Amino acid sequence: MVERRKYERFELVVPAKIETLARTAKKRKISLKTVNVCAGGAFFLTDAVLDEGTKVRVELLLSYNAQNAVRNLKGTRIRMLGTLMRSRDNGMAIRFSDDYVIAPLPAQAAARQ
């Protein structure tokens with residue numbers, strides 16, 4: 001099989017939030033986790049599969065603990081827009097747009113991760 005991916009894929013489990021951007025349909029917010037991630041998109045494990053072509057706002061939630069102490073827990077979120085490319089029974093693949101924002105999480109949100 002010929003590899004057609006443009007970016008290297010990494011097997012990462014990252015908490016995420018997805019919000020649909022459809023103007024005509026009811027907006028949905030889904031909390032889920034990635035199965036794998038690359039610079040161009042990710043596959044998300046979920047039972048709440050959306051329709052192909054759905055435009056979404058994606059927020060990947062990264063947390064780390066520099067000194068292995070819960071009180072020093074820090075977090076970062078990466079936000080981008082995306083399009084649902086394909087779906088399966090157990091999840092969906094979303095292609096990311098080229099525009100993204102990396103921002104620190106508020107302390108309260110990072111502590112919940």
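Being a predicted model, the structure only gives us computed values, none of them experimental.
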Visitor: Side-chain contact test, heavy atoms from C-beta onward, threshold under 4.5 Å: evaluate it for Met92 versus Thr46 and give yes or no.
Guide: yes
Visitor: With hydrophobic residues grouped by side-chain heavy-atom distances under 4.5 Å, do Val35 and Leu32 end up in a single group?
Guide: no
Visitor: Using the rule that Ile, Leu, Val, Met, Phe, Trp and Tyr join whenever any side-chain heavy atoms are under 4.5 Å apart, tell me whether Met80 and Ile94 fall into a single cluster.
Guide: yes
Visitor: Hydrophobic clustering (ILVMFWY, side-chain heavy atoms < 4.5 Å, transitive) - are Val14 and Phe10 grouped together?
Guide: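 Same hydrophobic cluster.
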Visitor: Just wondering, do Val56 and Leu81 contact through their side chains at under 4.5 Å, heavy atoms?
Guide: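 No - every pair of side-chain heavy atoms lies 4.5 Å or more apart.
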Visitor: Tell me whether the count of non-hydrogen atoms from other residues, nucleotides or ligands lying under 6.0 Å of CG in Asp51 goes above 12.
Guide: no
Visitor: With a 4.5 Å cut-off on side-chain heavy atoms, are Ser87 and Glu52 touching?
Guide: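 Touching, per the 4.5 Å side-chain cut-off.
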Visitor: Is it true that Lys17 and Ser31 share a donor-acceptor pair across their side chains at a distance under 3.5 Å?
Guide: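 There is no such pair between these side chains.
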Visitor: Rounded to the nearest 0.5 Å, how far does CD of Glu59 lie from CZ of Arg77?
Guide: 5.0 Å
Visitor: Please report the shortest heavy-atom distance between Pro15 and Lys33, naming the atom on each side.
Guide: CA-CG, 4.1 Å
Visitor: Looking at side-chain heavy atoms only, is the closest gap between Leu45 and Asn90 below 4.5 Å?
Guide: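 Yes, side chains in contact.
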Visitor: Just how far is it from atom OG1 of Thr20 to atom CD1 of Ile30, taken to the nearest 0.5 Å?
Guide: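 Going from the OG1 atom of Thr20 to the CD1 atom of Ile30 covers 7.5 Å.
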Visitor: Could you measure the distance from the NZ atom of Lys29 to the CD atom of Glu19? Nearest 0.5 Å is fine.
Guide: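 Between Lys29 NZ and Glu19 CD, I get 4.5 Å after rounding to 0.5 Å.
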Visitor: How far does CG of Leu50 sit from CD1 of Ile18, to the nearest 0.5 angstrom?
Guide: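 Atom-to-atom, Leu50:CG and Ile18:CD1 are 7.0 Å apart.
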Visitor: If you measure from CZ on Arg79 to OG on Ser97, what distance do you get to the nearest 0.5 Å?
Guide: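 Going from CZ on Arg79 over to OG on Ser97, the span is 13.5 Å.
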Visitor: Roughly how far, to the nearest 0.5 Å, is CZ of Arg9 from CG of Leu12?
Guide: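 Leu12 CG to Arg9 CZ: 11.5 Å, rounded to 0.5 Å.
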Visitor: Side-chain heavy atoms nearer than 4.5 Å, only ILVMFWY residues, links allowed to pass through others: does that put Val49 and Phe44 together?
Guide: no
Visitor: Between Ile78 and Val13, is there a shared hydrophobic cluster once you connect ILVMFWY residues whose side-chain heavy atoms come closer than 4.5 Å?
Guide: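 Unlinked, Ile78 and Val13 end up in two clusters.
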